[in-house]
Undergrad: 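Structure below; questions to follow.
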Amino acid sequence: MVRNFRFLLFLLVAVLLAACTPERLQRDEMLDGTYEGLGEGRGGIIKLSVDVIEHRIAAVRVLAQSESVFAQPYIDDMISRVIEAQSAEVDAISGATQTSNGVKSAMKMAIDKAYGRSIANELFAETQTDVVVIGAGGAGLSAAIEAATQGAGVIVLEKRDFIGGNTNSSTGGINGAETSFQKALGIEDSKALFFDDIMKGGHYLNDSSLVQTLVDNAPSTLDWIARMGADLSDVGLMGGSSVKRTHRPKGGLAIGPHLVKVLCGEAVGKGVEIRTGNAVLDVLMSADGKACGVRVGQSGGPDYTSWAKAVIIATGGFGANLSMVSSYCPQLSGFSTVNHKGATGDAFPWVEKFGAELYQMDKIQTHPTVDVRNSLMITEAVRGNGAILLNREGNRFVNEMDTRDVVSEAILGQTKGTAFLFFDQAVRESLSAIDNYDKLGLLVQSPDLASIALKTGMDEAALSRSIQRYNGFQSCGEDADFHRSSVQMPVPLAKAPYYAVEVKPAIHHTMGGIHIDSRARVLDKQGRPVEGLYACGEVTGGVHGGNRLGGNGVADIVVFGRIAGREASVCAKRE
Ligand code: SIN
């Protein structure tokens with residue numbers, strides 16, 4: 001709180017100072033000198049100073065930061081990238097996007113000062129457009145692109161200083177069955193099997209019409225993002241899925257940062273206006289009960305109204321609002337979260353006046369494998385590519401590829417409520433996302449089982465026995481202990497070095513939210529659509545039922561984002 005307040009105060013002062021800078025002081029090149037910049041990282045404020053010598057960024061010093069010790073190499077890496085590019089417009093590092101974005105924001109502020117540019121966001125006054133999208137994560141950007149493609153004028157409002165939301169940290173991939181990418185790899189799948197897996201994984205609590213919509217639209221949606229430049233060529237397995245259907249970039253790179261970059265480029269190319277630092281305060285209702293715009297608070301300027309013919313809510317879930325999580329799900333009190341700070345559930349009070357139904361709010365998912373020291377999620381794809389889970393005693397205790405609720409519960413039942421995710425070099429080489437965990441210092445690495453047992457405290461004899469037994473199951477394709485299927489045991493764990501990371505479950509996805517129909521229209525408590533109001537992505541409830549399958553979060557945001565954008569543009573044309 002205090003940190004945030006100090007940050008806001010500093011920003012305000014910076015904005016006021018910048019506002020006093022006459023336009024004519026803007027330069028084509030950086031003026032030599034030392035400039036300071038601030039950004040918001042994962043742990044709080046990042047403060048940097050930038051030395052400009054002969055109009056080039058010569059050196060950067062970190063003056064203050066509250067990131068974890070594990071993030072230091074990433075800060076250094078981002079600084080090197082900016083120096084090399086001589087610009088803050090560089091890619092964030094997947095697996096450390098919040099820290100990366102904090103460094104980028106701080107560098108941008110300093111560089112803008114060196115150019116004599118105003119560092120204030122552009123200030124906005126009353127606006128009128130066709131479609132307003134609230135939230136610039138994967139759902140909001142998908143909605144904006146589709147609405148703009150249909151000819152609508154679109155403004156995206158994002159409360160944070162950077163775009164992407166939780167999509168930035170999404171890793172495992174995006175699900176779809178009967179996709180062109182599966183076909184190219186000879187993977188046999190069917191929409192019916194995909195539907196059944198989702199319903200079974202969700203304990204049949206899902207809204208089946210939403211599931212059907214997700215399943216039917218996934219293949220064309222994957223083609224849609226691929227046409228924009230997304231690489232979905234690596235198709236892997238996630239828990240609860242019968243076959244490989246989780247699509248991600250070549251080599252097993254994280255999907256999230258890649259997708260955000262692709263969607264953002266497309267949105268901007270289609271003329272979508274994205275306003276960061278513009279926080280929606282309320283959705284406005286006309287006298288006849290329709291959504292007609294939003295009230296916006298902007299950093300450094302007065303609140304304003306953006307009138308719109310249709311409003312799309314794409315604000316994400318509430319997994320970072322720990323008091324809201326425990327009010328709906330008291331058993332999760334005290335759990336940490338892997339959510340970005342903006343996932344605070346702001347939208348729910350806005351839709352009360354429309355009589356909107358909040359659906360399955362108590363359905364909150366934990367991710368089983370979150371690094372105990374740093375609350376960083378280790379993607380389920382690591383298990384999908386062959387990793388196992390061992391308890392402190394060195395024994396397996398669950399089918400590691402079961403659904404997240406089952407695996408989370410099993411880990412919590414072990415000594416100290418944690419487990420070790422264990423894998424070998426072959427698994428590591430199969431998934432580039434693991435390189436980031438290594439860079440972050442999350443992995444215990446050892447050339448043999450004896451030393452990994454020593455470093456983790458696992459019983460050496462039991463560990464060796466467990467690995468030998470698992471490798472036996474892997475070679476005959478039958479797991480007599482926990483019934484992991486042969487496709488879920490792709491490789492023996494036999495190639496040194498070996499890796500382990502201690503994990504425990506943390507809050508991951510809030511599966512409940514605003515009830516929508518398969519046209520992404522917000523439904524009221526009587527099941528009637530609210531005119532002009534749409535919602536998509538994690539802010540909605542019903543698609544995932546009691547438990548979401550890995551890879552369906554990203555599918556959900558893009559499929560329903562597109563639908564919301566299309567429907568909102570049709571609504572706007574009607575008005
Ligand atoms: C993961 O990569 O394990 C998370 C992806 C998801 O929740 O779909």
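Both ligands and their constituent atoms are indexed starting at 1 by order of listing. When a residue number appears, it is its place in the shown sequence, counting from 1.
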Undergrad: Hey, is Glu400 close enough to Arg383 for a salt bridge, meaning N to O under 4.0 Å?
TA: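 No, no charged N to carboxylate O under 4.0 Å.
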
Undergrad: Which ligand 1 atoms are under 4.0 Å away from a heavy-atom of His508?
TA: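 Numbered from 1, ligand 1 contributes 4 (C), 6 (C), 7 (O).
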
Undergrad: Using distance alone, decide if ligand 1 has a nitrogen or oxygen within less than 3.5 Å of any nitrogen or oxygen in Gly551.
TA: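 So ligand 1 has an N or O lying under 3.5 Å from an N or O of Gly551.
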
Undergrad: May I ask you to decide whether Arg521 forms a salt bridge with Asp517, counting only side-chain N to carboxylate O separations under 4.0 Å?
TA: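 Asp517 and Arg521: salt-bridged.
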
Undergrad: Contact between Gly550 and ligand 1, counting heavy atoms under 4.0 Å?
TA: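 Per 4.0 Å heavy-atom rule, Gly550 contacts ligand 1.
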
Undergrad: Between Arg42 and Glu67, does any NZ, NE, NH1 or NH2 come within less than 4.0 Å of an OD or OE carboxylate oxygen?
TA: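 So Glu67 does not pair with Arg42 through a salt bridge.
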
Undergrad: Before signing off on this row, confirm whether Gly172 and ligand 1 have an N or O atom pair separated by under 3.5 Å.
TA: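 N/O-N/O distance below 3.5 Å exists for this pair.
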
Undergrad: Can you list the atoms of ligand 1 that are under 4.0 Å from a heavy atom of Glu380?
TA: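 Here the atoms of ligand 1 in question are 1 (C), 2 (O), 3 (O).
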
Undergrad: Before accepting this row, confirm whether a basic side-chain N of the pair Arg81/Asp77 lies closer than 4.0 Å to the acidic partner's carboxylate O.
TA: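 Result for this pair is yes, salt bridge flagged.
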
Undergrad: Are Tyr328 and Phe318 close enough that their ring centers fall under 6.0 Å?
TA: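 Yes.
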
Undergrad: Would you call the rings of His509 and His544 parallel, tilted or perpendicular, where under 30° means parallel and over 60° means perpendicular?
TA: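 It falls in the perpendicular class, over 60°.
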
Undergrad: Give me the residue, atom name and distance of the protein heavy atom closest to atom 1 (C) of ligand 1.
TA: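 Going by distance alone, atom 1 (C) of ligand 1 is nearest to Thr379 OG1, 3.4 Å.
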
Undergrad: Any atoms of ligand 1 less than 4.0 Å from a non-hydrogen atom of His367? List them with their elements.
TA: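 In order of number, 1 (C), 3 (O), 4 (C).
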
Undergrad: From atom 5 (C) of ligand 1, work out which of Arg248, Arg548, Arg383, Arg404 has a heavy atom at the shortest distance.
TA: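 Looking at heavy atoms only, Arg404 sits closest to atom 5 (C) of ligand 1.
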
Undergrad: I'd like to know whether ligand 1 has Met377 as a neighbour, heavy-atom separation below 4.0 Å.
TA: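 Contact present.
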
Undergrad: Flag the pair Arg484 and Asp402 as a salt bridge only when some basic side-chain nitrogen lies within less than 4.0 angstrom of an acidic carboxylate oxygen.
TA: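 Answer for the salt bridge query: no.
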
